[in-house]
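Worksheet for the structure shown next.
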Amino acid sequence: RLILALQGRVRCTPAGARAEAEVYLHPALGAGYAWFFPKGETANVGVGADRSAGAARLRSLLAAFHRWLADRGLVRGELGDPTGGLIPAGGLVQPLGGGRRLLVGDAAGLAHPVTGAGITGAVTSGFLAGEAAAEFRRRGEAALARYGAELERLYGPHLARAARRLVERDVLLREGCRPFADVVRRTWVGFRQFWEEGDEGCLERVETAGTAAAL
């Protein structure tokens with residue numbers, strides 16, 4: 001599963017320069033979100049959504065979000081040409097190592113399915129891959145298997161939960177069986193409900209939807 005993201009840079013107003021980083025969730029973005037990350041005189045402004053939305057739709061949403069931030073008095077001027085790409089959102093890829101190959105970073109599926117964050121996972125996996133490659137020269141393919149096991153221990157359960165929550169948000173929004181605010185609390189990593197076990201309501205459709213998406 002892939003999320004399409006676009007981000008541009010824009011000048012901040014004095015109020016925007018003093019503001020905190022913010023994320024925004026909206027039904028129009030589905031399982032994605034929009035962000036405002038001030039960095040002094042400028043800010044990164046972006047949106048992400050399932051790639052099925054398409055680049056043209058995402059550009060339109062980014063433009064609307066930029067106008068909304070300007071109306072709030074946080075940014076001014078034109079949004080710079082956006083850059084972006086696809087972010088893997090399905091959790092860890094298997095196998096992570098074998099033969100003469102190791103997967104690291106986004107290639108290993110280490111980007112967080114809900115937030116898209118991937119720098120920490122890329123740095124950690126790169127370090128571990130370097131160690132495994134050095135050990136491979138001494139001890140053979142067993143070192144590569146240990147690399148995969150260590151990444152699974154560090155990231156596997158958390159990324160699997162996040163990937164499931166991403167599918168849940170899609171299903172819940174499509175079925176309309178919960179208010180949007182409840183869906184956000186259930187499926188956004190910053191809320192307690194994200195970490196709770198147990199499904200309710202129309203969540204029995206999640207497994208079927210997840211299997212169909214994988215196929």
Side-chain angles (χ1 to χ4, degrees), residues 1-5 23 25 29-33 35 46 48-52 84-173 183-200 203-215:
R1 176 165 188 166
L2 297 169
I3 297 294
L4 178 62
V23 298
L25 296 108
L29 293 169
Y33 68 99
W35 60 89
D50 191 88
R51 66 171 173 169
S52 62
L86 295 168
I87 301 172
L92 282 180
V93 175
Q94 298 294 343
L96 290 163
R100 301 180 65 85
R101 171 180 58 92
L102 294 173
L103 299 181
V104 301
D106 281 7
L110 283 165
H112 193 283
V114 172
T115 68
I119 293 176
T120 300
V123 172
T124 301
S125 61
F127 179 82
L128 293 174
E131 288 189 328
E135 188 178 357
F136 172 79
R137 293 180 62 85
R138 297 190 300 269
R139 304 181 63 180
E141 292 195 17
L144 308 188
R146 282 192 290 274
Y147 167 80
E150 180 65 3
L151 281 188
E152 178 64 36
R153 183 187 69 82
L154 289 172
Y155 294 102
H158 178 55
L159 293 179
R161 176 189 294 272
R164 178 177 173 81
R165 292 293 186 254
L166 194 69
V167 174
E168 286 183 13
R169 193 188 305 175
D170 276 349
V171 173
L172 291 170
L173 291 177
V183 174
V184 167
R185 292 187 182 94
R186 170 73 180 178
T187 60
W188 181 256
V189 66
F191 291 95
R192 171 180 52 80
Q193 291 91 328
F194 178 94
W195 304 98
E196 293 178 344
E197 301 296 339
D199 295 338
E200 301 172 2
L203 292 185
E204 65 273 9
R205 297 182 178 90
V206 168
E207 292 296 342
T208 301
T211 300
L215 295 175

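Listed here is the closest heavy atom pair of Leu29 and Gly48: CD2-O, 4.0 Å. Nearest heavy-atom pair across Gly32 and Leu25 is O-CD2, 4.1 Å. Contact detail for Ala111 and Ile87: the closest heavy-atom pair is CB-CG2, 3.7 Å. In this structure, Val104 and Ala129 approach most closely via the heavy-atom pair CG1-CB, 3.6 Å. Closest of all the heavy-atom pairs between Gly156 and Leu92 is CA-CD1, 3.7 Å. Taking each heavy atom of Leu103 and Ala107 in turn, the nearest pair found is CD1-O, 3.8 Å.
Using a distance-only test at 3.5 Å, with no hydrogens or angles considered, a donor-acceptor pair links the side chain of Trp195 to the main chain of Val189. Here the side chain of Arg169 pairs no donor or acceptor atom with the backbone of Val183 at under 3.5 angstrom. A side-chain donor-acceptor contact under 3.5 Å links Tyr33 to the backbone of Thr115.
Note that OH of Tyr155 is 3.5 Å distant from OG1 of Thr124, once rounded to the nearest 0.5 Å. Here the CG-CG distance, from Leu110 to Leu154, works out to 9.5 Å after rounding to the nearest 0.5 Å. Here the OG1 atom belonging to Thr187 is positioned 7.0 Å from the CG atom belonging to Leu173, to the nearest 0.5 angstrom. With rounding to the nearest 0.5 angstrom, the CG atom of Asp50 is 4.5 Å from the CZ atom of Arg1. Note: Phe191 CZ to Phe194 CZ = 12.0 Å, rounded to the nearest 0.5 Å. In this structure, CD in Glu152 is found 8.5 Å from CG in Leu159, a value given to the nearest 0.5 Å.
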Next on the checklist: Using the rule given for side-chain contact (heavy atoms from CB on, under 4.5 Å), can you reason through Tyr147 versus Glu135, listing the C-alpha separation, both sets of side-chain angles and the distance that settles it, and then say yes or no?
Outcome noted: CA-CA 10 Å; Tyr147 167 80; Glu135 188 178 357; over 6 Å; no
Item to complete: Apply side-chain contact (heavy atoms from CB on, under 4.5 Å) to the pair Trp188 and Val23, showing each step before the final yes or no.
Response: CA-CA 11 Å; Trp188 181 256; Val23 298; 3.8 Å; yes
Next on the checklist: I'd like to know whether Glu131 forms a side-chain contact (heavy atoms from CB on, under 4.5 Å) with Glu150, so could you lay out the CA-CA distance, the side-chain angles of the two residues, the decisive distance to 0.1 Å, and finally the verdict.
Outcome noted: CA-CA 12 Å; Glu131 288 189 328; Glu150 180 65 3; over 6 Å; no
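The environment of CZ in Arg51 is sparse: at most 12 heavy-atom neighbours from other residues, nucleotides or ligands sit within 6.0 Å. Residue Arg137 places its CZ atom among 12 or fewer non-hydrogen atoms of other residues, nucleotides or ligands, all under 6.0 Å distant.
Two residues are said to be in side-chain contact when any heavy atoms from C-beta on lie closer than 4.5 Å; Arg165 and Pro113 fail this criterion.
Between Glu168 and Arg164 there is a salt bridge, with a side-chain nitrogen of the basic residue lying less than 4.0 Å from a carboxylate oxygen of the acidic one.
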